[in-house]
Amino acid sequence: MPLSNKYIQQRIEKAKILKEAGFNPYANNSQRNTNIEKFLNVNSDIAESEEKRDENRHYIVSGRIKLMRIMGKASFVKIEDESGMLQVYVARDNLPEGFYNTIFKKNIEVGDIIEVGGYPFVTGQGELSLHADSLSLLTKSINPLPEKFHGVTDKEIRYRKRYLDLIMNAEVRKTFQIRSRVISLTRRFFEDKGFLEVETPMMHPIAGGANAKPFVTHHNALGIDRYLRIAPELYLKRLIVGGFEAVFEINRNFRNEGMDATHNPEFTSIEFYWAYKTYKDLIEITKEYFGYLFDHLDLPTLLPYGDMKVNFDNFQEIPLIESLTTIGGVPVEVTQDKEKIITYLNDKGITVKPGMNLGQLQGELFDAFVEEKLIDPTFITEYPVEISPLARRSDTNPDITERFELFIAGREIANAFSELNDPIDQLSRFEGQMKAKDSGDDEAHEMDKDFVEALSYGMAPTAGQGIGIDRLVMLLTNEHSIRDVLLFPAMKPLNSEETPEEE
RNA sequence: GUCUCGUUAGCUCAGCUGGUAGAGCACGUCACUUUUAAUGAUGUGGCCGAUGGUUCGAAUCCAUCACGGGACACCA
């Protein structure tokens with residue numbers, strides 16, 4: 001039963017008393033004229049003044065009570081709004097007769113949202129505070145807040161009841177403010193470059209643009225299944241066919257796979273496509289983009305991440321095959337031979353699925369021996385064609401593609417390539433993926449005939465890139481679980497939440 | 001999916017090799033007009049995650065399940 005515990009009953013009783021005394025526990029008459037941050041900034045000169053107070057200034061601030069120190073005839077109350085925390089001095093004799101003892105002390109408590117008017121002063125302990133001459137309740141909180149010192153630390157509570165986490169942990173608010181800024185800056189960066197922001201479908205007839213298992217939903221009126229998109233790629237490229245030359249989309253993708261510290265079933269990415277450019281241009285714009293973010297977020301380019309220090313002034317670039325040897329320590333002769341790779345992996349205690357081709361095996365080597373060693377930002381280039389079904393082949397070597405992935409702090413942050421725009425080649429790549437699917441690879445790419453048809457009208461040479469926004473925010477905020485950069489991460493339902501659906 | 005740790009008051013946590021539940025904060029009452037997790041006194045507060053089992057007796061031991069954390073696997 002919600003709202004049934006004894007603390008809540010006690011608080012409901014207080015709300016009733018307040019109402020009977022003429023104080024609306026859910027008042028809607030806020031007179032606030034400044035926020036706490038502004039109050040503290042504007043009045044920072046009080047500390048230097050002779051009087052340590054200025055009774056000619058008057059402000060009305062609002063916020064949630066986080067702490068109360070009640071003494072006989074005066075109290076200190078800490079209130080918090082989105083911008084910060086403020087100490088308010090509440091003395092009996094500055095308030096209407098009887099208010100302090102019968103209303104304030106008895107019926108207003110930690111968690112309530114109040115409004116206070118008064119003048120700025122500095123306490124004996126040197127804290128700039130508000131000297132209250134009026135105090136009113138805006139919103140009664142009938143559910144007590146967690147403990148004032150430890151707060152909520154239980155991750156389950158923090159994720160399931162993010163509102164409590166946000167009330168109790170100011171640094172969590174900070175993380176999400178940074179996330180918001182990253183998205184806003186990303187949008188501005190691409191707009192300033194002349195990119196057009198577009199929205200493409202979230203419900204796809206064919207889940208294309210990546211190798212992943214989709215969520216399925218159903219359209220009742222049409223009687224057909226739809227897939228929640230796993231990537232917007234194929235729609236964005238259709239727009240390039242249509243004549244837009246630079247487009248981007250920042251939005252959610254959905255993948256029906258496991259959840260862990262770096263995977264949530266829905267996640268946010270930006271994908272952008274740029275006609276008449278190649279993956280080389282993408283490397284340059286990516287460096288510029290990171291510079292832009294660091295500038296505007298005022299972050300040091302030597303950025304701590306866990307035990308690591310990531311140097312954002314040290315972008316590296318290395319072909320995948322070369323990285324296997326120089327970074328992964330895999331002997332050169334191993335990297336070009338299927339059997340030798342399998343033997344090498346087995347020797348290191350890694351088993352691979354049977355039937356893998358050379359490109360896939362090289363990918364396995366990379367995942368096992370290179371990825372986690374890429375701390376400073378590194379563009380890994382020249383991916384094998386077998387694991388790059390949508391990327392353009394190199395003109396000089398048909399086995400590799402004009403592609404890179406960007407790795408930072410041992411993790412993939414971006415995936416980019418010169419787009420495949422040869423419809424015949426695209427068709428045969430899709431057919432190759434179909435074969436892989438038939439032989440058991442249920443994450444192989446789906447055939448999308450309409451996309452091939454779109455390409456058949458001619459898509460200008462184009463470069464395209466996807467950047468995982470969640471992982472980028474993790475990196476920039478030094479968070480190590482994707483759940484800490486998602487306001488409402490996916491959670492299993494609790495027993496009590498289960499809705500009887502089936503049968 | 002596998003392994004592992006956890007789940008005790010509103011919150012943060014104790015609770016030994018089984019004997020029927022404890023602290024701090026919060027809350028109630030009293031005192032206190034410059035406190036800083038205010039202080040002092042006093043009191044209330046528990047289906048010990050769920051279900052079964054072992055036992056005279058289970059928060060404690062065992063099994064199963066649920067949820068969560070971490071690691072691995074899968075996957076971007």
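B/C5 adopts an anti glycosidic conformation, its chi angle falling more than 90° from 0.
In this structure, the nucleotide among B/C75, B/A38, B/U33 sitting nearest to the side chain of A/Y89 is B/U33. Comparing B/A38, B/C75, B/U34 against the side chain of A/H131 picks out B/U34 as the nearest. The side chain of A/P146 sits closest to B/C11 out of B/U33, B/U34, B/C11. Counting only heavy atoms from C-beta on, A/K105 has its side chain closest to B/C32 among B/C27, B/C32, B/A38. You'll find that the side chain of A/F76 is closest to B/U35, out of B/U35, B/U33, B/G28. Of the listed nucleotides (B/C67, B/A38, B/U12), B/U12 has the atom at the smallest distance from the side chain of A/V152. Comparing B/C74, B/U33, B/U34 against the side chain of A/H263 picks out B/C74 as the nearest. Closest approach to the A/F149 side chain among B/A37, B/A38, B/G69 is made by B/A37 (side chain taken as heavy atoms from C-beta onward). Minimum atom distance to the side chain of A/E147 is reached by B/G10, of the listed B/C67, B/G10, B/C32. Nearest nucleotide to the A/E156 side chain, out of B/G28, B/U34, B/G68: B/G68.
B/C11 and B/G49: their P atoms are spaced 13 Å apart (whole Å). On the C1' atoms, B/C27 is 9 Å away from B/G10, given to the nearest whole Å. Annotation: B/G70 and B/A31 have their P atoms spaced 49 Å apart (nearest Å). Here the separation of B/U20 from B/A26, taken at their C1' atoms, is 27 Å to the nearest Å. Distance check on atom P: B/C25 versus B/A38 gives 10 Å, rounded to whole Å. Between B/A23 and B/A14, the two P atoms lie 16 Å apart (nearest whole Å). Separating the P atom of B/A9 from that of B/G22 is a span of 14 Å, rounded to the nearest Å. Taking atom P in both B/G6 and B/U17, the straight-line distance is 13 Å, to the nearest Å.
For the pair A/T123 and B/U35, the criterion of a side-chain N or O lying under 4.0 Å from OP1 or OP2 is not met. For A/K14, a side-chain nitrogen or oxygen approaches OP1 or OP2 of B/G28 to under 4.0 Å. Between A/K155 and B/U7 there is no side-chain polar atom (N or O) within less than 4.0 angstrom of OP1 or OP2. Checking the phosphate oxygens (OP1, OP2) of B/C67, no side-chain nitrogen or oxygen of A/R160 falls inside 4.0 Å. For A/R69, a side-chain nitrogen or oxygen approaches OP1 or OP2 of B/A38 to under 4.0 Å. Under 4.0 angstrom from either OP1 or OP2 of B/C75 there lies no side-chain N or O belonging to A/R255. The phosphate of B/U35 has OP1 or OP2 within less than 4.0 Å of a side-chain N or O from A/Q125. Between A/K148 and B/A26 there is a side-chain polar atom (N or O) within less than 4.0 angstrom of OP1 or OP2. Between A/R411 and B/C75 there is no side-chain N or O to OP1 or OP2 distance below 4.0 Å.
At the heavy-atom level, A/M491 lies under 4.0 Å from the strands shown only through sugar-phosphate atoms. Heavy atoms of A/G468 sit nowhere under 4.0 angstrom from any nucleic acid atom. At a threshold of 4.0 angstrom between heavy atoms, the contacts of A/D154 are confined to the sugar-phosphate backbone, with no base atom among them. Within the 4.0 angstrom heavy-atom criterion, base atoms lie near A/I70. Within 4.0 Å of A/R11, counting heavy atoms only, lies no atom of the nucleic acid at all. Within the 4.0 angstrom heavy-atom criterion, no nucleotide atom of any strand lies near A/K66. Among the protein residues, A/K78 comes within range of the nucleic acid bases, having at least one heavy atom under 4.0 Å from a base atom. Contacts of A/R158 with the nucleic acid, taken as non-hydrogen atoms under 4.0 Å apart, are absent. Heavy atoms of A/K106 sit under 4.0 angstrom from primed sugar atoms or phosphate atoms, though from no base atom. Note on A/Y100: nothing from the nucleic acid sits closer than 4.0 angstrom, heavy atoms only. Counting non-hydrogen atoms under 4.0 angstrom, A/A212 reaches the backbone sugars and phosphates but no base.
Along RNA chain B, the nucleotide nearest to A/V110 and the one nearest to A/G72 differ in position, and the one closer to the 5' end is contacted by A/V110. Closest-nucleotide positions on RNA chain B for A/D367 and A/E109 were compared, and the one nearer the 5' end corresponds to A/E109.
An aromatic stacking contact between A/Y7 and the base of B/G10 is absent, as defined here by ring centres under 5.5 Å apart and ring planes under 30° from parallel.
With no hydrogens or angles considered, no side-chain donor-acceptor pair links A/T378 and A/Q316 at under 3.5 Å. No hydrogens or angles considered: nothing links the side chains of A/R64 and A/S141 as a donor-acceptor pair under 3.5 Å. Side chains of A/N56 and A/H58: no donor on one and acceptor on the other come within 3.5 Å. A donor and an acceptor atom, one from each side chain of A/D484 and A/Y159, are located under 3.5 Å apart.
Under the side chain to side chain contact (heavy atoms under 4.5 Å, CB included) rule, A/F272 has a single partner from A/V247, A/I285, A/T186, which is A/I285. Screening A/N346, A/L358, A/T335 against A/I341 for a side chain to side chain contact (heavy atoms under 4.5 Å, CB included) leaves a single residue, A/L358.
In this structure, B/G6 and B/C67 make a Watson-Crick or G-U wobble pair, each of the two defining distances being under 3.5 angstrom. Base-pair partner of B/A41: B/U29 (Watson-Crick or G-U wobble, both distances under 3.5 Å). Pair assignment for B/C72 gives B/G1, based on Watson-Crick or G-U wobble hydrogen-bonding distances that are each under 3.5 Å. B/G19 and B/C56 make up a base pair, with Watson-Crick or G-U wobble contacts both under 3.5 Å. Across all strands shown, B/C47 has no partner, as no Watson-Crick or G-U wobble contact with both distances under 3.5 Å is found. Using N1 to N3 plus N6-O4 or O6-N4 for Watson-Crick, or N1-O2 and O6-N3 for G-U wobble, each under 3.5 Å, B/U36 pairs with nothing.
Here the P atom of nucleotide B/G68 and the CG atom of A/D165 are 16 Å apart, to the nearest Å. Between A/I8 atom CD1 and B/A9 atom C1' there is a gap of 14 Å when expressed in whole angstrom units. With rounding to whole Å, A/N256 atom CG is found 13 Å from B/C74 atom C1'. With rounding to whole Å, A/M71 atom CE is found 13 Å from B/A31 atom C1'.
By the 6.0 Å contact criterion, CZ on A/R252 is open, its count of non-hydrogen atoms from other residues, nucleotides or ligands being 12 or less.
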| field | Trace of the ring pair (Phe, Tyr, Trp, His ring centres under 6.0 Å) decision for A/F404 with A/F417 | value | CA-CA 6 Å; A/F404 72 77; A/F417 35 87; 9.1 Å; no
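Put simply, the side chain of A/K66 gets close to the backbone of A/I167: a donor and an acceptor are under 3.5 Å apart.
Counting heavy atoms from C-beta outward, A/P377 and A/V310 have side chains that approach closer than 4.5 Å.
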